Amino acid sequence: MEERAEIDVLICGAGAAGLTLAIDLARRGVLFRIVEQMERPFAGSRGKGLQPRTQEVFEDLGIIDRIMAAGGVYPPMREYRNDGCYDEKAIFEAPEPSPDVPYFIALMIPQFLTEGVMRERLAELGHRVEFGTALIDFEQDDDGVGARLKSPGGEERVHTRYLVGADGGRSSIRSALGIDFPGKTLGVRAIVADAHLSGLDRAAWHQFNDGDMERLVMICPLAGTDLFQVQAPIPLDGEPDLSADGLTRMIAERTGRSDIDVLSVAWASAYAMNARLADRYRVGRVLLAGDAAHIHPPTGGQGLNTSVQDAYNLGWKLAAVLAGAPATLLDTYEEERRAVAADVLGLSTQLLDRQREQGGMRRGRDTHQLDIGYPHSSLSHDGGGQTICPRAGERMPDATLTGAAGQPRRLFDVMTGMHWTLLLSSPDYWPIVAARAGLRVVTVGEGAELRDPSNQLSLAEGGCLLIRPDGYVGATFDAASSTLVGDYLAKVLPSENACSQSNGRVDVAPT
């Protein structure tokens, strides 16, 4: 067995959660490894919907345009009646585009394409997934975690300061920690298959027998591919025939049509729908993310998106603590994200119940995850009487601003990166808060560096907004209490002395 190596973070699991965390840590200069026990990347379409909030995350990570190019928009839902006629309707309630919400509808892209784009981004940052590498066991102490890995090259011991379990709903890391995973089986079993087929056009998502859980079948063209995704509830017992012939027979029996032929199956799975939430997200130096911490029914397209945002919440906190910020910052990961997962589980389950009882797939803003926030977090502080909105813990909306030279500026462009952003309403350029590593100070006003002619920020003169690296408002202040900004940052950033003594493994530069 090889001698142990020293790293900062070991990520186990290379799905959406693990890859998001890896990209975020890579751009921050953290020393990490990401391992996956499967020998090759996941090949299925399972989590095919990306909600608007996740699209904002992907913009910050530098991959949104690639994701858009690789995927596409959802087609209308075509609901067939027994006489063969159909009604066609949009799946999503699409609001009018507005400057504060740059991505306003869900995007369709099969999970295997999403993860492929993410691995490409990770490679650009100098890292890769170690496939065929399994975590055999681990033990932790106050200084870190000792882990034993097994790969085709043999076994090795790794010592890491933190271990993140992003190893799925059957997480061995969660089990080894003794964390309970309570919840319930929802009494629905279903198949999902990616298939080549003939007899249906690609202009619609075809749905037969809506509301009938014994005969329902949905066949959706997968954007970015020549495949269709076949979904159907199945009996709780017995093994379904997931071959091309078996799927063709099932479709014929449920639709009464003989012209739909499944030509080949690229990937297929049968699964029971569950709603479960881990009792804890952290034990010492070991943390859970994604499906290892929560599993959802597929209704509403919430699972993959919640997993991405787990990792997005965790990444900046891990990097800050590794660079010298107070270790208690990591306590806020579970505090914030477990409450969100509980709410999302409730929403997904309600949507499933509604579909079983009433049929229908139309989705509104409640599935977009734009209204998720952390108003009750210990990191959320409202002390700015001059600030109208947003409040601490809320998502910071985008805004179309103007630079001092007259060019248009997006607020999201100012926020993009690894830094905190302090927006100060000021009549001139000179900020009342000093610059420091990890903080970008931006003045907004008639004589400042940015102007807000439409008052999109709702930031009165003297108001201050301190925005976290993950795009949520951490705190609000006013000019009279601006000295409190330093007290707040002491809880979430390394001390300036720690930054000056950095060993180079963590980049704490402001951009």
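Hydrogens, waters and symmetry mates play no part in the numbers below; they use all other heavy atoms, side chains included. Predicted, not measured: the structure shown is a model, and the values here were computed from it.
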*asked:* Would Asp310 and His294 count as a side chain to side chain donor-acceptor pair (under 3.5 Å) here? Give the steps.
replied: CA-CA 10 Å; Asp310 283 348; His294 46 78; 2.6 Å; yes

*Trp420 and Tyr488 aromatic ring geometry - parallel, tilted or perpendicular at 30°/60° bounds*: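 Taking Trp420 first and then Tyr488, their aromatic rings stand perpendicular (interplane angle over 60°).
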
Donor-acceptor pair, side chain of [X] and main chain of [Y], under 3.5 angstrom:
X	Y	value
Glu130	Arg33	no
Asp428	Gly447	no
Thr476	Gly383	yes
Thr185	Asn274	no
Asp452	Leu457	yes
Asn313	Arg337	no
Thr332	Leu329	yes
Asp398	Phe412	yes
Arg28	Ala319	no
Arg119	Val129	no

Looking only at side-chain N and O atoms, does [Y] offer a donor or acceptor that is under 3.5 Å from a partner on [X]?
X	Y	value
Gln302	His296	no
Tyr333	Arg338	no
Gln309	Thr54	yes

*Evaluate salt bridge (Lys or Arg N to Asp or Glu O under 4.0 Å) for Arg282 paired with Asp331, printing each intermediate quantity in order.*
CA-CA 8 Å; Arg282 179 188 179 192; Asp331 295 335; 2.7 Å; yes

Does the side chain of [X] reach to within under 4.5 Å of the side chain of [Y], using non-hydrogen atoms?
X	Y	result
Val344	Ile372	yes
Phe131	Val35	no
Pro110	Leu113	yes
Leu163	Ile11	no
Ile432	Leu424	yes

Salt bridge or not for [X] and [Y], using N-O below 4.0 Å?
X	Y	answer
Glu115	Arg46	no
Asp180	Arg280	no
Arg468	Glu336	yes

How far apart are the closest heavy atoms of [X] and [Y], and which atoms are they?
X	Y	result
Gly315	Leu21	CA-CD1, 3.6 Å
Met396	Leu465	CE-CD1, 3.8 Å
Ala292	Ser171	CB-CB, 3.7 Å
Val441	Glu449	O-OE2, 3.6 Å
Pro99	Gln456	CB-OE1, 3.3 Å

*asked:* Tell me if the centroids of the rings in His127 and Phe32 come within less than 6.0 Å of each other.
replied: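 Here the rings of Phe32 and His127 have centres that are less than 6.0 Å from each other.
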
_Worked check of side chain to side chain donor-acceptor pair (under 3.5 Å) between Glu335 and Ser378_ = CA-CA 8 Å; Glu335 176 190 356; Ser378 58; 2.9 Å; yes

_Working for side chain to side chain contact (heavy atoms under 4.5 Å, CB included), residues Leu439 and His419_ = CA-CA 5 Å; Leu439 175 69; His419 55 275; over 6 Å; no

*Evaluate the side chain to side chain donor-acceptor pair (under 3.5 Å) criterion for residues Trp316 and Asp24: first the C-alpha distance (whole Å), next the side-chain angles of each, then the deciding distance (0.1 Å), finally the verdict.*
CA-CA 7 Å; Trp316 68 267; Asp24 203 14; over 6 Å; no

*Is it the case that Arg395 places NZ or CZ above or below the six-membered ring of Tyr472, under 6.0 angstrom from the centre and within 45 degrees of the axis?*
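No, Arg395 does not lie over the aromatic ring of Tyr472.
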
_Using the rule side chain to side chain donor-acceptor pair (under 3.5 Å), only one of Gln55, Arg53, Glu59 pairs with Tyr103; which is it?_
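Going through the options one by one, the only one that passes is Glu59.
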
